[in-house]
Amino acid sequence: MGKKILAMLLAAALAVAFAVPSAAVSGKVAGGADGTVKTVDTRQTIDTADITYQNMRVENNLTISEEVGRGTVTLKNVEIAGTLLIRSGGTVVLDGVTCPNVTIQNPKYKPTVIATGSTSIDTTYLKGNCVIEERDLSADGEGYIDVIYSPNVNYELTNVSLERMTKGVNAPASGRSFAGSSSGSGGGSGGSSTLPSAGGSVGDLVENKG
């Protein structure tokens, strides 16, 4: 009996050790302890729902994978040197996040990405249906600065103030409207692209026809 129990314990330990790839993050909280910043050089992948990834500097790309499904992922006090790729279909909260590029692209669902606190994103690429929102930004949080959206993308902007919004290359110009609505579609015959009526603004509208 003793050998059997030992074998079971060993099997369980090995399952835990090898269940998650080295580049993935699992568990409810990951990253640096409060008051510290943990730096990683390798690509990072979050594939677990309802997790907080905090106090990190990622010197590479960070992906929130489709395996998260429609769950929630929170990035708190995270600096990303590369690209943040959001492929999950639920809610992503960016709280105190700085990143040069964010790409949102889920093939099935319409994720909601919320920028809050001191979050500043230089360029956000809308390559799939999504909702982007700014909520309770701090004085040093710029939220979404520039947004580039692809043709045939259905998006919603909630309380978002942008410096620049650009329609993707070769997108049709028909039906464009940038006032009085909180949702839009980036292309297609009769499609429209709209900005939020409540608390939102855009400084410069650019259309690249290619």
Could you tell me if Tyr125 and Gln105 have a donor-acceptor pair between their side chains, going purely by distance under 3.5 Å? no
Are the side chains of Asp146 and Leu162 in touch, meaning some heavy atoms are under 4.5 Å apart? no
In short, Asn101 meets Cys99 closest at the heavy-atom pair O-SG, 3.0 Å
Name every donor-acceptor pair, under 3.5 Å, that has one atom in a side chain of residues 62-76 and the other anywhere in the protein, sequence neighbours excluded.
| unit_1 | atom_1 | unit_2 | atom_2 | d |
| --- | --- | --- | --- | --- |
| Ser65 | OG | Ile46 | O | 3.4 |
| Ser65 | OG | Glu67 | N | 3.3 |
| Glu66 | OE2 | Arg87 | NE | 3.3 |
| Glu66 | OE2 | Arg87 | NH2 | 2.7 |

Do you know the tightest heavy-atom contact between Ser118 and Gly96? OG-CA, 3.3 Å
Indicate yes or no: at least one non-hydrogen side-chain atom of Leu126 is less than 4.5 angstrom from one of Ser150. no
Does Asp140 have any side-chain hydrogen bond (donor to acceptor under 3.5 Å, both in side chains) partners at least two apart in sequence or in another chain, and if so, which? Ser138
Same cluster for Tyr144 and Tyr155 if Ile/Leu/Val/Met/Phe/Trp/Tyr side chains link at under 4.5 Å? yes
Is it the case that more than 12 heavy atoms not belonging to Asp136 sit under 6.0 Å from its CG atom? no
Residues in side chain to side chain contact (heavy atoms under 4.5 Å, CB included) with Glu79, at least two apart? Arg57, Thr98
Does any non-hydrogen side-chain atom of Thr48 lie less than 4.5 Å from one of Asp50? no
Do Tyr149 and Lys127 touch side chain to side chain, with heavy atoms closer than 4.5 Å? no
With sequence neighbours excluded, tell me which residues meet side chain to side chain contact (heavy atoms under 4.5 Å, CB included) with Lys108. Asn106
Are the side chains of Glu59 and Thr39 in touch, meaning some heavy atoms are under 4.5 Å apart? yes
Taking atom CD1 of Ile114 and atom CG of Leu94, what is their separation to the nearest 0.5 Å? 9.0 Å
Nearest heavy-atom approach of Val102 to Ile86 is CG1-CD1, 4.0 Å
Search all heavy atoms of Val160 against all heavy atoms of Glu134 and return the closest pair with its distance. CA-OE1, 3.7 Å
Glu133 meets the side-chain hydrogen bond (donor to acceptor under 3.5 Å, both in side chains) criterion, sequence neighbours left out, with Arg135
Which heavy atom of Met165 sits nearest a heavy atom of Leu157, and at what distance? CE-CD1, 4.0 Å
Working note: Glu156 + Thr158, criterion side chain to side chain donor-acceptor pair (under 3.5 Å); need CA distance, chi angles, decisive distance, verdict. CA-CA 7 Å; Glu156 297 179 34; Thr158 304; 5.2 Å; no
Asn60: which residues meet the side chain to side chain contact (heavy atoms under 4.5 Å, CB included) condition with it, sequence neighbours left out? Arg43, Val58
Side chain to side chain contact (heavy atoms under 4.5 Å, CB included), paired with Ile148, selected from Thr166, Thr124, Thr103: Thr166
Assess, by modelled atom type and distance only, whether the side chains of Lys38 and Asn55 contain a donor and an acceptor separated by less than 3.5 Å. no
